[in-house]
Amino acid sequence: MKNIKRCILIMCDSLRRDLILPDSSPTLTALANNASWFANARAVFPSTTRVSSASIATGCHPGRHGLLGNKMITEDGKGLRCHNVGEPVFRDHLQRVTGRTLRVPTLAQRVAAHGGACIMSNVSAGAAYFNDPDGFGEVFHSAGSYGPGREPYLDERALPIKSGCIGDTEMTARFCKKLLEPDAPVIATLWLSEPDHSGHGHPLGSPAHFAAIANANACVARVLDVVDQLRGRGEDVLLMVASDHGMETVINEIDVGQALVDAGLKAAADSDDVVIAPNGSSCMVAIDPRVGFLHSAIVEFFNHQPWCAAVYEKQALTQLGLSPEDAGNTLAVVMQSYEQANEFGIPGSTCIVADAQDPKNYNGFGQHGGLGNYEQAPFLIVQGSGFPTQSTHYGPASLVDFAPTFLHHLGLPCTDMDGSPLQLRIGADDHSASRSRLSCIAAH
Ligand SMILES: [Zn+2]
């Protein structure tokens, strides 16, 4: 049989692991109990979707793959500018300015000659395209679907859906159909927009937020039925169900650029001497060499702001998975977060960076991007060869481990990645425990 080994990844964008509850997510709860649950799964930094997509695709942190945020500053010969990575055109811009897209190979590239990859995504175009920016596999997204070689799909293979539950459900039906096709790819990713889409516009733990989680759960259930069929016909399916990051409740929105202007450290809100790339509960701050003398004063300024949890520069950027070499005069600013619960009793609140390109008021709603405890608490469930059933693993696990885990399952090399195959680590993990997961979930 062709492609007897394959990997299926389902992403429930923004679903915090403490919000997987039996009432709203019965399928996920049952799967968590029956498969391998990673109790300490972490997001990357910045904990944003586009960066997460690139990190999953490459097995590397942003310091190596080069996509530094949902918003990203580039120097294109006319000064520093902040770009929205989510726009479909950003991929082409990055290639024009730097001569390439991501700096390291993607999963789609690595498996192109071994059965191929596809992604169906209902999040931003940037997050979809940076999963496979050079067109080695198939990418399905409402802004444009592409086959190998970035051949546009203009026929029934297009995916004209909207973010949210209805679009996720439509896309899941398409995904299930594709998995059953004779030439289905060996790595297939389904990236649901919920509960991220609803979490950005409703309080965490509100009925609307839990309804979105329930819809994501129902989409997972539909794929699980197909996985059962595939296994029933003898395929060795590695199934991973996960989220890219969590969310915390926004309690304070800070105009970081204006704060620098007020402190005399930036010429004007829209000046290009000091440029801010807002990423929710963190931002990158690039300082043009002509005002390089302000560098230490700007670091000092951030260190004294109550809304700033930490500022990272130079060598310390490696602690975040960023590269000090290409950061140059760029700082990473992490916003303050707190344990404080919202009106629905959901713990975790955060300050965020105001974004002039996105004037929506996020106060009281969910956001992410930084290092808050709940933003850095995505969930991860793995089921298949090498993963014990009914087990909880307490060792570290991160988005950068997904690609090497898939490649290991397929018997392909996973060299030159930041992550490593989870199959090879869980046996040696002293803290693994084989017991019911339900008690762990209920304890949150
Ligand atoms: Zn996300």
Side-chain angles (χ1 to χ4, degrees), residues 43-55 61-76 79-87 90 93-94 97-98 102-103 126-127 130 245 253-261 265-266 269-289 291-292 294-296 298-299 301-303 305 307-337 350-358 367-372 375-376:
V44 294
F45 180 87
S47 52
T48 60
T49 308
R50 297 154 208 171
V51 175
S52 302
S53 182
S55 290
H61 286 283
R64 284 181 68 192
H65 64 61
L67 192 75
L68 302 182
N70 273 0
K71 299 289 171 71
M72 180 171 153
I73 300 161
T74 61
E75 158 62 75
D76 54 9
L80 298 169
R81 273 184 58 206
C82 175
H83 298 270
N84 184 355
V85 173
E87 298 290 337
F90 179 75
H93 169 80
L94 187 65
V97 172
T98 66
L102 298 178
R103 294 177 188 150
F130 276 101
H245 48 74
E253 198 161 332
I254 306 295
D255 189 336
V256 171
Q258 189 57 47
L260 287 169
V261 173
L265 296 168
K266 174 169 161 60
D270 59 354
S271 62
D272 66 358
D273 49 347
V274 181
V275 175
I276 320 288
N279 280 301
S281 40
S282 73
C283 63
M284 304 295 278
V285 178
I287 303 166
D288 190 278
V291 294
L294 289 175
H295 186 106
S296 52
I298 291 173
V299 172
F301 169 80
F302 283 121
N303 276 325
Q305 303 311 307
W307 41 261
C308 174
V311 52
Y312 293 77
E313 58 169 334
K314 301 178 180 150
Q315 206 54 37
L317 290 164
T318 56
Q319 296 168 31
L320 299 175
L322 299 171
S323 158
E325 286 75 37
D326 54 49
N329 283 333
T330 299
L331 314 173
V333 176
V334 179
M335 300 298 273
Q336 195 62 259
S337 58
T350 188
C351 300
I352 64 162
V353 181
D355 185 348
Q357 294 173 348
D358 181 12
Q367 188 51 286
H368 51 89
L371 295 177
E375 298 172 295
Q376 287 287 333

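Because only heavy atoms are used, hydrogens play no part in the values below, and waters and symmetry mates are left out as well, while side chains stay in. Quick caveat: nothing in here was measured; it's all calculated off a predicted structure.
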**Fill in**
Partner of I287 under side-chain contact (heavy atoms from CB on, under 4.5 Å), picked from D273, L80, N329, is N329
Taking side chain to side chain contact (heavy atoms under 4.5 Å, CB included) as the definition, give me every residue that meets it alongside [X], ordered by chain and number, with sequence neighbours left out.
X: Q376; result: R42, A43, S47, L371
X: L294; result: L265, V291, I298
X: Q258; result: D255, V261, D262, A269
X: S52; result: V44, W191, D244, H245, L399

State the [atom1]-[atom2] distance between [X] and [Y], to the nearest 0.5 angstrom.
X: S282; Y: M335; atom1: OG; atom2: CE; result: 9.0 Å
X: H61; Y: L68; atom1: NE2; atom2: CG; result: 13.5 Å
X: L102; Y: L94; atom1: CG; atom2: CG; result: 7.5 Å
X: L331; Y: L322; atom1: CG; atom2: CG; result: 11.5 Å
X: Q367; Y: T350; atom1: CD; atom2: OG1; result: 8.5 Å
X: L320; Y: M284; atom1: CG; atom2: CE; result: 8.0 Å

Please report the shortest heavy-atom distance between [X] and [Y], naming the atom on each side.
X: V353; Y: I276; result: CG1-CG2, 4.3 Å
X: F45; Y: V334; result: CE1-CG2, 3.9 Å
X: T330; Y: A286; result: OG1-CB, 3.8 Å
X: L317; Y: Y312; result: CD2-O, 3.6 Å
X: N84; Y: G86; result: OD1-N, 2.9 Å
X: T318; Y: P324; result: CG2-CD, 3.5 Å

**Asked** With a 4.5 Å heavy-atom cut-off, do L67 and M72 have their side chains touching?
**Response** yes
**Item:** Stepwise side-chain contact (heavy atoms from CB on, under 4.5 Å) test for K71 and Q357
**Value:** CA-CA 10 Å; K71 299 289 171 71; Q357 294 173 348; 3.3 Å; yes
**Request:** Test side-chain contact (heavy atoms from CB on, under 4.5 Å) on F302 and L260 and set out the steps.
**Result:** CA-CA 9 Å; F302 283 121; L260 287 169; 4.1 Å; yes
**Request:** Can you sort out the partners of D272 under salt bridge (Lys or Arg N to Asp or Glu O under 4.0 Å), two or more places apart, ordered by chain and number?
**Result:** R290
**All salt bridge (Lys or Arg N to Asp or Glu O under 4.0 Å) counterparts of K266, not counting sequence neighbours** = none
**Fill in**
Taken in chain and number order and not counting sequence neighbours, the residues that satisfy ring pair (Phe, Tyr, Trp, His ring centres under 6.0 Å) with H295 are none
**Asked** Has the side chain of E375 got a donor or acceptor atom that lies under 3.5 Å from a matching backbone atom of G370?
**Response** yes
[X]: which residues meet the side chain to side chain donor-acceptor pair (under 3.5 Å) condition with it, sequence neighbours left out?
X: Q315; result: none
X: T48; result: N70
X: H65; result: S55
X: S337; result: none

**Prompt:** Between N279 and R50, is any side-chain donor less than 3.5 angstrom from a side-chain acceptor?
**Reply:** no
**Request:** Under the side-chain contact (heavy atoms from CB on, under 4.5 Å) rule, what do V256 and W307 come out as? Steps first, then yes or no, please.
**Result:** CA-CA 10 Å; V256 171; W307 41 261; 4.0 Å; yes
